Amino acid sequence: TDPLVHHGRHFGRSIHALCNMHALINNGIIRIGERAEDPEDDFTPQEQREHRVFCALLKSIPGLEEKLMGANSEEDIQSIAAMLQKGASSARSDDTKSLKSAIIDWIVSPGEPLMPPISRNAKTGRGFHHEVTGALLCPAGLDWTDAEIRDKLRTGELSVPGDQWPLFLFNSYAYDDTDPSKGLLKSSILVKTFKHIFTSPSSVEREAKATRSGNARIHGMTGVTRGSIAYAATQARFALSSSGVFNRNDTITDSERFYNSILEYLEDPDEADDVNTLMAWWNRQVFPNYVPNSRPVSKNSALARIKAKR
DNA sequence: ATCCAAAGGCCTGCCATCTC
DNA sequence: GAGATGGCAGGCCTTTGGAT
């Protein structure tokens, strides 16, 4: 496969999922031109955000900038964008597929039966239809033990927009309304989802059985990123929900708004202190033994090949 | 009619272990 | 040690189904 597809997979998982690659790249190139002409040019906050993502894209894929600048037709750029998009989309799809069954093992304590049982390969019966997934998805601040609230969530009378965060994001699934950031993004289910995607499915258990490099290693990922945490949260939220089809624009599941709201929080300068502490915590959870260049890499490993390309 | 996502099958790469 | 073997993980292909 084309290396751009490969890079697109990791970009989607770690920097920005759910974006339109064509627009991202086209707008990015235009903005570079405008900035060169008029450095004083002001961009809207939205444009500035998009441009930061574009710069991260250029930075994360060696040779991409040259490739884009050297493209001599609109078509060339379109095909580059299409490859990256394909990578991001297929990675997202592979992860939803894989998490769909895996997450069932993480929502009750080991050994405890799940009542009623949830099918590993179907989404019906999840979401607010089930006591356990419902409690996890219930917006922080609402009381899932209240029968009236449960009913309204089930019927949809009470709809939950993506920026109203569910309880499963919080450590021990406990929300403290006097301190809303307490335990935020520190739940075990989120860490497990992250490990499943980035370090390997078996690394979720205490003793990893992996014999092959996981995604983080394949792509030389050495620490968590804001995008990767938001991505794991979005995948977990979708896996717990009853909706069967992942769709960016679906207003019921509202995954894109959810993803962006997490990302916004993590990038908010006003939250920088909390977020830096949080990121350090994540790195200890997920990459505890990481020391730069400490591991020998076999000559033919994917990582070695990637390094050789740089 | 077209597009996209889901699902399962399949293939390949990687690593640990075995066997000689 | 070198080569064979087996299992795990990631990714690709194909089919299917639903939405637009």
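Within every chain, numbering begins at 1; the chains are lettered A, B, ... in the order of the sequence lines, protein sequences first and strands thereafter. Predicted, not measured: the structure shown is a model, and the values here were computed from it.
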Quiz prompt | Per-nucleotide protein contact string for nucleotides 6-13 of chain C (B base, S sugar-phosphate only, - none; heavy atom under 4.0 Å) | solution = -BBBSSS-
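When the salt bridge (Lys or Arg N to Asp or Glu O under 4.0 Å) test is applied to A/D76, no partner is found at least two apart in sequence or on another chain. Checked against side chain to side chain contact (heavy atoms under 4.5 Å, CB included), A/Q285 has the following partners two or more places apart in sequence or in another chain: A/V191, A/W281. Partners of A/A122 by side chain to side chain contact (heavy atoms under 4.5 Å, CB included), not counting sequence neighbours, listed by chain and number: A/S119, A/T124.
Sorted by first and then second residue, the salt bridge (Lys or Arg N to Asp or Glu O under 4.0 Å) pairs with a member in residues 60-70 of chain A form an empty list; sequence neighbours excluded. Listed by first then second residue, pairs satisfying ring pair (Phe, Tyr, Trp, His ring centres under 6.0 Å) with a partner in residues 97-120 of chain A read A/W106-A/H196, not counting sequence neighbours. Annotation: salt bridge (Lys or Arg N to Asp or Glu O under 4.0 Å) contacts involving residues 121-132 of chain A, sequence neighbours excluded, comprise A/E131-A/R150, A/E131-A/R154.
Counting Ile, Leu, Val, Met, Phe, Trp and Tyr side chains that sit under 4.5 Å apart, directly or through other members, A/L24 shares a hydrophobic cluster with A/L4, A/V5, A/F11, A/I15, A/M21, A/I25, A/I29, A/I32, A/V53, A/F54, A/L57, A/L58, A/I61, A/L64, A/L68, A/M69, A/I77, A/I80, A/M83, A/L84.
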Using nucleotides 3-5 of chain B, report all nitrogen or oxygen pairs with the protein that are shorter than 3.5 Å.
unit_1 : atom_1 : unit_2 : atom_2 : d
B/dA5  : O3'    : A/F246 : N      : 3.4

